[in-house]
Amino acid sequence: MMKPIRKAVLPVAGLGTRFLPATKAVPKEMLTVVDRPVVQHVVDEAREAGIEHFIFVTGRGKAVIEDHFDIAYELDRTLQERGKQAAYEELKKDLPKAGQTSFTRQQAPLGLGHAVWCAREIVGDEPFAVLLPDMLSRGCMQQMLAAYERHGGNVIATEEVKPEETHQYGIVSVGKTFGQTFEITGMVEKPKQGTAPSNYIISGRYILQPEIFTILEKGETGAGGEIQLTDAMIKLMAEQKFFGMHYEGRTYDTGSKIGFLTANLAYALERPDLAEPLKAEIARLLNGA
């Protein structure tokens, strides 16, 4: 029987250099999309899919992330004393239960593969999810878990991009298809223009078997002199099956300025309290008012 996916690893140790100076003192994961930090949106996605334990791989200067997922006694008391019960209940609803969060340090910026490896002792000998906190994609993890239940093995979320954009991403080769899912027959990280095996990109959501840790433990470096998760997955693919899951939805890369601004607009336009006033303000800006 397949083991269920109970744990998710969130690598949150990145420096956020694309958003300086905003991220000089504030972690990029704590920048807000509307009124929720980016990392809260990602945890919401995982929790709604049934993930029970959230493992944050942090770095120096990221303690505020841990504080965000903890009780704030003074704030709670002040909200209650001032009769702001709705705000108090909202904070309570977002708070993970005791024991559902773990935090470990990536002490040096050695790549995504190294960050995932840092979670090995907490994950243990069971399959797990990885969610990149820059990428917002509602419902993706739920679709991933459905694909895992059908196929087992390792599952990677994918999306299509224009062929001229493939050099910016990790790309998978497409084998036998099964509706929304397909066998992955190969992977390549940021291929040269015109050489990509497909236009299906790896879009920041993974379900991986624990044997990946044995490969990552060797510390072999790849692009940029870092320990690359893609390289480890290529090695694991020689022993285990990998499946691609074509995500039915849109991912917003909040690590880029355009992606971050677009995510704010998209999420705000879905809010009944914000949609119409925001549309009016956008119209005014477009008309030069």
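Just so you know, these numbers come straight off a predicted model, no measurement behind them. Keep in mind that the numbers below use all heavy atoms, side chains included, and drop hydrogens, waters and symmetry copies.
A salt bridge does not link E52 with R47: every distance from a Lys NZ or Arg NE/NH1/NH2 to an Asp or Glu carboxylate oxygen is 4.0 Å or more. Here K84 does not pair with E90 in a salt bridge; the nearest charged N to carboxylate O distance is not below 4.0 Å. For the pair K279 and E276, the salt-bridge criterion is met [side-chain N within less than 4.0 Å of a carboxylate O]. Between K62 and E29, at least one side-chain N (NZ, or NE/NH1/NH2) sits under 4.0 Å from a carboxylate O, which counts as a salt bridge.
In summary, the side chains of Q106 and T58 do not present any donor paired with an acceptor at a separation below 3.5 Å, with no hydrogens or angles considered. With hydrogens and angles left out, the side-chain atoms of Q40 and H68 include a donor and acceptor closer than 3.5 Å. A donor atom on one side chain and an acceptor atom on the other are not found under 3.5 Å apart for D76 and Q80. No side-chain donor from either of E48 and Q142 sits under 3.5 Å from a side-chain acceptor of the other. Side chains of H246 and T181: a donor-acceptor N/O pair is absent below 3.5 angstrom, by distance only. Using a 3.5 Å distance cut-off with no hydrogens or angles, the side chains of H167 and Q193 do pair a donor with an acceptor.
Under a cutoff of 6.0 Å and an axis angle of 45°, K257 and F19 form a cation-pi pair.
Here the closest non-hydrogen pair linking Y247 and R250 is CE2-N, 3.4 Å. When all heavy atoms of V57 and A119 are compared, the closest pair comes out as CG2-CB, 4.1 Å. When all heavy atoms of K28 and D134 are compared, the closest pair comes out as NZ-OD2, 3.2 Å. Minimum interatomic distance between H53 and S102 (heavy atoms only, all atoms of both residues): NE2-OG, 2.7 Å. In terms of heavy atoms, P127 sits closest to I5 at CB-CD1, 3.5 Å.
In this pair, F128 and F213 present their aromatic rings parallel. The plane angle is below 30°, not in the 30 to 60° band.
Taking the side chain as every heavy atom from C-beta outward, T195 and V188 never approach each other to under 4.5 Å. Between T251 and L136 there is no side-chain heavy-atom pair separated by less than 4.5 Å. Side-chain contact check for Y206 versus L132: some heavy-atom pair is nearer than 4.5 Å. For the pair P210 and V123, the minimum side-chain heavy-atom distance is 4.5 Å or more. V116 has its side chain within reach of V130: a pair of non-hydrogen atoms, C-beta onward, lies under 4.5 Å apart.
Listed by chain and number, the residues in a salt bridge (Lys or Arg N to Asp or Glu O under 4.0 Å) with K190 amount to none (sequence neighbours excluded).
For the pairing with Y200, the ring pair (Phe, Tyr, Trp, His ring centres under 6.0 Å) check across F182, Y169, F243 returns one residue only, F182.
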